[in-house]
Amino acid sequence: MWGIEVIFKGKNLIRLLGGLGTALEISLIAVAISIPIGIILGILMAGRNPVIKAILRVYLDFVRIMPQLVLLFLVFFGTTKVWGWDLSGEVSAVIVFSMWGAAEMSDLVRGALNAIPQHQYESAQSLGFTPLQTKIYIVIPQCVRRLIPLSINLITRMVKTTSLVLMIGVVEVLKVAQQIIEANRMSAPNAAFGVYLFVFALYFAVCFVLSIAARKLEKKWS
Amino acid sequence: MAAFLRAEHLCKDYISESGSVSALSDISFEVQEGEIFGIIGLSGAGKSTLVRCINRLEEPTSGCVYIRDKNINELSQKELREERRNIGMIFQHFNLLMQRNVLDNVALPLEIAGVKKKEAREKAREYLEAVGIPDKALAFPSQLSGGQKQRVAIARVLASDPALLLCDEATSALDPQTTRQILALLRDINRRYGITVIIITHAMTVVQEICDRVAVLEDGELVEMNTVKELFAHPKTKAAKRLLLIQDDNDENEETEEKEVLAS
Ligand SMILES: Nc1ncnc2c1ncn2[C@@H]1O[C@H](COP(=O)(O)OP(=O)(O)OP(=O)(O)O)[C@@H](O)[C@H]1O
Ligand SMILES: [Mg+2]
């Protein structure tokens with residue numbers, strides 16, 4: 001029915017799951033790189049240096065406005081053309097998603113920091129807190145609480161967007177799906193629908209788990 | 001006897017792109033020990049700036065403040081932090097930590113100052129009792145009313161045994177009845193602990209309710225200073241007369257509601 005049976009033929013299921021594994025791996029490495037970098041950039045963006053702020057603002061806008069696919073092509077083909085680097089699809093993908101994730105994360109951190117009103121800093125000062133104590137007891141706990149659901153949301157978006165990696169030849173979920181569809185064109189003409197449905201289910205499962213975790217944390221922390 | 005607090009020729013200019021604003025110009029006054037001193041003025045008169053110069057949340061452009069003959073403006077950052085425990089301040093916003101319960105909120109500044117956790121909590125309980133909410137120790141700020149939150153903020157300040165309490169629009173986010181209760185609490189604290197209180201407000205009713213003396217600020221200048229009785233009976237300046245005139249309740253309620261929305 002619907003061509004779903006194709007998935008369970010031969011090694012297809014294993015290949016699909018392997019593709020999901022590659023996608024997850026790319027997104028998780030990118031997440032691990034982009035969150036700490038994003039936090040640092042976000043702190044700089046909320047700071048006082050106008051030059052650094054302007055540069056980061058341009059970077060953020062650039063990464064945001066460019067479709068991720070264009071960025072992927074830029075890094076994958078561009079670096080080869082210009083510098084003669086031969087980056088693999090996976091590495092290019094990690095670079096692009098890290099750049100993008102760091103930019104988005106920095107904006108979240110900046111927002112969380114700026115959301116703390118001036119009077120809280122003043123209140124802490126008037127109670128004799130040092131600047132460091134103010135950060136530890138007042139700023140960081142509030143930012144973390146705010147950032148956890150937001151960054152899980154970002155991670156979910158990163159996992160989803162890794163499906164784009166297909167375009168530069170990384171064998172991951174959609175690529176595998178397409179291969180399966182091609183191979184079974186004759187025997188199961190409906191396979192496209194079934195396979196994509198299954199791929200959708202895979203992504204849904206991963207992202208659903210992440211958003212449940214986000215909601216749980218949000219509840220627990222508020 | 002020397003005055004408890006002396007402000008001498010305080011000036012504060014803010015420089016911005018649109019030019020320089022003189023928020024305080026040559027303000028001098030004295031506050032006696034144990035007094036409840038009001039500072040009143042219209043919005044933008046410089047009240048907050050003045051009170052913030054007292055605990056140096058704002059550095060005056062020139063002039064200085066003495067508290068018990070100690071020049072606040074000569075203190076190092078470290079000495080200033082010490083001194084700030086002696087100068088409590090409460091704000092229109094209560095600034096409680098939402099993820100900690102009331103007891104921990106009150107105990108935290110003590111712990112930071114190096115008091116042992118157990119001792120800090122005991123003291124916190126004692127002052128929660130003093131501000132009339134001993135039963136709320138384990139509640140979280142989100143479960144409290146505005147008045148109760150301000151009581152927590154007051155207990156938190158009291159816990160470090162201050163000699164001076166600065167209140168910047170501390171009742172502006174509260175309804176008239178709660179305002180009266182908080183003012184009564186402040187008066188009680190003033191008598192019980194001998195804490196000198198400086199209250200900033202734009203509402204004459206607040207001054208009338210608890211202040212001994214009051215200073216009128218207008219456009220950064222101290223235009224009149226007198227006992228509350230005398231000021232109400234014989235206001236000398238236009239500014240004071242105007243403030244006495246706009247005492248009608250509508251005006252005040254509107255202001256209160258607006259600030260309440262902002263605070264939430
Ligand atoms: N950080 C700042 N930068 C520039 N100008 C400032 C700053 N803080 C205050 N001012 C200016 O100083 C003047 C006095 O401000 P202040 O906040 O002391 O008034 P206020 O009497 O407390 O008013 P309100 O009743 O509205 O709180 C105002 O003209 C204000 O615009
Ligand atoms: Mg003010």
Side-chain angles (χ1 to χ4, degrees), chain A residues 35 39 42-43 46-54 57 108-153 213-222, chain B residues 48 51-52 54-58 77-100 104-115 140-142 149 152-153 155-162 164-170 173 259 262-264:
Chain A
I35 286 191
I39 289 174
I43 292 170
R48 294 208 193 105
N49 189 321
V51 180
I52 290 180
K53 279 167 95 158
R57 190 75 236 169
L108 297 180
V109 171
R110 182 194 58 81
L113 283 170
N114 287 349
I116 296 180
Q118 190 58 31
H119 54 79
Q120 290 204 15
Y121 291 96
E122 289 173 355
S123 172
Q125 250 180 303
S126 74
L127 287 166
F129 284 56
T130 65
L132 182 66
Q133 288 167 338
T134 308
K135 286 185 186 85
I136 293 173
Y137 293 101
I138 293 165
V139 178
I140 294 177
Q142 287 184 65
C143 282
V144 168
R145 252 161 47 100
R146 225 187 153 82
L147 280 174
I148 282 196
L150 292 176
S151 37
I152 292 185
N153 181 288
R215 218 170 306 150
K216 277 249 166 73
L217 280 169
E218 210 170 347
K219 268 222 186 93
K220 193 176 144 198
W221 289 62
S222 62
Chain B
S48 294
V51 81
R52 291 149 55 91
I54 295 175
N55 64 355
R56 269 176 69 188
L57 284 179
E58 208 79 73
Q77 283 301 319
K78 188 161 174 291
E79 290 167 328
L80 179 61
R81 271 195 299 278
E82 286 294 312
E83 185 61 30
R84 276 180 180 151
R85 299 192 211 288
N86 198 31
I87 312 172
M89 182 161 181
I90 55 174
F91 299 78
Q92 179 187 338
H93 304 94
F94 318 114
N95 296 310
L96 304 178
L97 297 174
M98 303 310 270
Q99 63 274 46
R100 287 176 186 249
D104 288 343
N105 262 285
V106 178
L108 183 63
L110 291 175
E111 287 173 34
I112 276 178
V115 177
F140 281 84
S142 56
K149 283 183 200 166
V152 178
R156 179 173 63 179
V157 161
L158 289 181
S160 29
D161 292 325
L164 173 62
L165 178 59
L166 307 173
C167 312
D168 188 354
E169 308 271 6
K259 290 199 167 150
L262 285 175
S264 61

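Lettering of chains follows the sequences in order, A, B, ..., and the numbering in each one begins at 1.
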Report task. Only counting residues at least two apart or in another chain, list the ones meeting side-chain contact (heavy atoms from CB on, under 4.5 Å) with B/P141. Result -> B/L96, B/M98, B/N105
Requested in this report: Not counting sequence neighbours, which residues clear side-chain contact (heavy atoms from CB on, under 4.5 Å) with A/R110? List them please.
Outcome: A/M45, A/A46, A/R57, A/D107, A/N114
Query raised in the report: Any idea which of B/V157, B/N95, B/L57 has the most non-hydrogen atom pairs under 4.5 angstrom with chain A?
Result: B/N95
Report task. Answer with side chain, backbone, both or neither: which region of B/I112 has an atom nearer than 4.5 Å to a non-hydrogen atom of chain A? Result -> both
Query raised in the report: Can you list the residues that meet the side-chain contact (heavy atoms from CB on, under 4.5 Å) rule with B/R56, with sequence neighbours excluded?
Result: B/E59, B/I72, B/N73, B/L75, B/Q77, B/L80, B/R84
Report summary line: Residues of residues 123-130 of chain A with a heavy atom under 4.5 Å from any heavy atom of chain B, in residue-number order, are A/S123, A/Q125, A/S126, A/L127, A/G128, A/F129, A/T130
**Report entry** Side chain / backbone / both / neither for A/Q133 at chain B, heavy atoms under 4.5 Å
**Finding:** side chain
Query raised in the report: Which distance, rounded to the nearest 0.5 Å, do you find between the CZ of B/F91 and the CD of A/Q120?
Result: 10.5 Å
Report task. Can you tell which part of A/Y137 gets under 4.5 Å to a heavy atom of chain B, answering side chain, backbone, both or neither? Result -> both
Query raised in the report: With a cut-off of 6.0 Å (strictly less than), are more than 12 heavy atoms of other residues, nucleotides or ligands near NZ of A/K135?
Result: no
Query raised in the report: Would A/E122 and B/R52 count as a side-chain contact (heavy atoms from CB on, under 4.5 Å) if you check the C-alpha gap in whole Å, the side-chain angles of each, and the deciding distance to 0.1 Å?
Result: CA-CA 9 Å; A/E122 289 173 355; B/R52 291 149 55 91; 2.7 Å; yes
